[in-house]
Amino acid sequence: MSMRSHLGRVKGLGSAREGTSHWWSMRVSSVALVPLTLWFVFSVASMAGASHAEFVAWVQNPVVAGLLILFILVGLKHSREGLQVVFEDYLHADSVKIPVMMLSSGAHMVAAVVCVLSVLMILFKG
């Protein structure tokens, strides 16, 4: 027998009011990362032995650049959310947990901006 209200069951809200959406977000990003990771690994492996110019030309393909950006953003989102769960589960003092989570989120945002700008700079390079 569930102690949740009917409305809570329908909305899928747990005690923290966000557990179900976070769970779904992690699952969707996991599923999205499977083909993106396979594409990335096989694409980079096929570039083994390529020169720097050939690699840059490969990244300048708009489809490749778009997939790289998608791979970067989904991967970093999944990483940030996964680390958030670890921090919430294993850091019990809020005086430690909150700054660590803020630092992690900030680092993920900086990494996303740097990576996406790097791909865009290569894409639009003369």
Side-chain angles (χ1 to χ4, degrees):
M1 176 162 190
S2 176
M3 299 295 289
R4 294 170 46 194
S5 69
H6 297 295
L7 182 60
R9 273 194 299 266
V10 169
K11 286 184 166 184
L13 300 176
S15 61
R17 307 277 190 266
E18 63 181 49
T20 304
S21 63
H22 188 266
W23 185 87
W24 271 109
S25 176
M26 288 294 290
R27 294 325 173 265
V28 168
S29 63
S30 297
V31 169
L33 279 172
V34 171
L36 287 169
T37 302
L38 290 172
W39 165 80
F40 180 75
V41 168
F42 287 118
S43 296
V44 172
S46 71
M47 297 292 293
S51 68
H52 179 267
E54 292 171 324
F55 191 80
V56 168
W58 175 71
V59 176
Q60 286 178 331
N61 180 333
V63 173
V64 170
L67 287 172
L68 277 173
I69 290 171
L70 189 61
F71 176 65
I72 290 164
L73 293 177
V74 172
L76 286 171
K77 176 187 182 309
H78 186 78
S79 170
R80 186 187 60 79
E81 289 179 350
L83 283 174
Q84 177 185 342
V85 170
V86 171
F87 297 149
E88 288 173 349
D89 287 348
Y90 295 105
L91 297 177
H92 300 294
D94 283 343
S95 61
V96 174
K97 182 189 328 184
I98 293 171
V100 167
M101 288 175 59
M102 289 175 64
L103 183 63
S104 174
S105 290
H108 279 87
M109 283 188 245
V110 168
V113 169
V114 168
C115 291
V116 169
L117 285 177
S118 298
V119 172
L120 292 175
M121 286 174 63
I122 293 171
L123 176 65
F124 296 118
K125 179 183 170 192

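Just so it is clear, the structure is predicted and the values come from calculations on it, not from any experiment.
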Partner set under side-chain hydrogen bond (donor to acceptor under 3.5 Å, both in side chains) for [X], not counting sequence neighbours:
{"X": "Ser25", "value": "Lys77, Glu81"}
{"X": "Trp24", "value": "none"}
{"X": "Thr37", "value": "none"}

Query raised in the report: Between the side chain of Ser104 and the main-chain N/O of Val100, is any donor-acceptor distance below 3.5 Å?
Result: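 It does not hold such a pair.
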
Query raised in the report: Quick check: does any side chain N or O of Ser105 sit under 3.5 Å from a backbone N or O of Met102, one acting as donor and the other as acceptor?
Result: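 No, the answer is negative, given that no donor and acceptor are paired below the 3.5 Å cut-off.
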
Nearest 0.5 Å, please: how far is [atom2] in [Y] from [atom1] in [X]?
{"X": "Met109", "Y": "Arg80", "atom1": "CE", "atom2": "CZ", "value": "7.0 Å"}
{"X": "Gln84", "Y": "His108", "atom1": "CD", "atom2": "NE2", "value": "10.5 Å"}
{"X": "Leu73", "Y": "Ser29", "atom1": "CG", "atom2": "OG", "value": "12.0 Å"}
{"X": "Ser43", "Y": "Phe71", "atom1": "OG", "atom2": "CZ", "value": "10.5 Å"}

According to a 4.5 Å side-chain heavy-atom criterion applied to Ile, Leu, Val, Met, Phe, Trp and Tyr, with indirect links allowed, do [X] and [Y] form part of one hydrophobic cluster?
{"X": "Ile72", "Y": "Phe124", "answer": "yes"}
{"X": "Leu83", "Y": "Val96", "answer": "yes"}
{"X": "Leu120", "Y": "Val56", "answer": "yes"}
{"X": "Leu33", "Y": "Val44", "answer": "yes"}

Listed pairs under 3.5 Å, donor-acceptor, residues 63-70 side chains, sequence neighbours left out:
none

Of the non-hydrogen atoms in [X] and [Y], which two are nearest, and what is the gap between them?
{"X": "Lys125", "Y": "Gln60", "result": "O-NE2, 3.4 Å"}
{"X": "Leu91", "Y": "Lys97", "result": "O-CE, 2.9 Å"}
{"X": "Leu76", "Y": "Ala111", "result": "CD1-C, 3.9 Å"}
{"X": "Met47", "Y": "Phe55", "result": "CE-CA, 3.5 Å"}

Requested in this report: Kindly write out the residues that satisfy ring-ring contact (aromatic ring centres under 6.0 Å, His included) with Phe87, not counting sequence neighbours, or none if the list is empty.
Outcome: none

Query raised in the report: What residues, two or more places apart in sequence or in another chain, satisfy salt bridge (Lys or Arg N to Asp or Glu O under 4.0 Å) together with Asp89?
Result: none

Report task. Tell me, with the steps shown, if Ser118 and Ile122 meet side chain to side chain contact (heavy atoms under 4.5 Å, CB included). Result -> CA-CA 6 Å; Ser118 298; Ile122 293 171; 5.5 Å; no

Requested in this report: Using the side chain to side chain contact (heavy atoms under 4.5 Å, CB included) rule, take Val34 and Ser30 through it: C-alpha gap first, then chi angles, then the decisive distance, then the call.
Outcome: CA-CA 7 Å; Val34 171; Ser30 297; 6.0 Å; no

